[in-house]
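Down below is the structure, laid out as structure tokens.
Computed from a predicted model, the values in this text were never measured in an experiment. All heavy atoms count here, side chains included; hydrogens, waters and symmetry mates do not.
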Amino acid sequence: MTDDRLVQLESKFAFQDIAIEELQKTVHDQYLMIEKLEKTVQSLADRFKTFAAGDNEIGPAGEKPPHY
């Protein structure tokens with residue numbers, strides 16, 4: 001009876017160990033994705049600030065209307 005309980009505990013421990021490893025991988029993958037998204041958002045925010053300031057030489061603000 002004690003041996004059965006020990007086997008059950010070892011089995012539960014092994015499954016928990018696998019679950020923890022999978023969770024660590026998931027958290028790591030999410031961390032990498034968040035870093036990538038933060039860089040993208042920062043890049044877009046910088047581009048938006050540049051266009052909003054009117055410093056852009058390209059685009060509608062820097063072009064003459066077609067009737068000129």
Side-chain angles (χ1 to χ4, degrees):
M1 184 160 180
T2 304
D3 289 337
D4 291 337
R5 290 181 65 193
L6 184 59
V7 169
Q8 287 177 349
L9 287 173
E10 288 175 345
S11 177
K12 285 182 181 182
F13 178 76
F15 284 118
Q16 287 178 350
D17 195 35
I18 292 169
I20 289 170
E21 288 178 22
E22 290 175 357
L23 287 171
Q24 286 177 335
K25 183 185 179 317
T26 301
V27 168
H28 178 72
D29 292 346
Q30 288 177 346
Y31 173 77
L32 294 176
M33 178 66 80
I34 288 170
E35 276 191 336
K36 182 179 176 183
L37 290 171
E38 285 177 339
K39 288 177 184 178
T40 302
V41 167
Q42 186 61 48
S43 173
L44 291 171
D46 292 343
R47 287 179 63 189
F48 179 75
K49 286 178 187 175
T50 301
F51 287 124
D55 296 338
N56 59 331
E57 297 176 6
I58 307 171
E63 296 177 3
K64 292 184 178 181
H67 62 278
Y68 276 81

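- Listed by first and then second residue, the salt bridge (charged side-chain N to carboxylate O under 4.0 Å, His left out) pairs that reach into residues 20-29 are Lys25-Asp29, sequence neighbours excluded.
- For residues 34-46, every residue pair satisfying the side-chain hydrogen bond (donor to acceptor under 3.5 Å, both in side chains) rule, not counting sequence neighbours, is listed here: Tyr31-Glu35, Gln42-Asp46.
- Taken to the nearest 0.5 Å, the CG atom of Leu9 stands 11.0 Å off from the CG atom of Asp4.
- Applying the side-chain hydrogen bond (donor to acceptor under 3.5 Å, both in side chains) criterion to Lys12, with sequence neighbours excluded, gives no partner residue.
- One distance of note links CD1 of Ile18 with CZ of Phe13; it measures 10.5 Å at 0.5 Å rounding.
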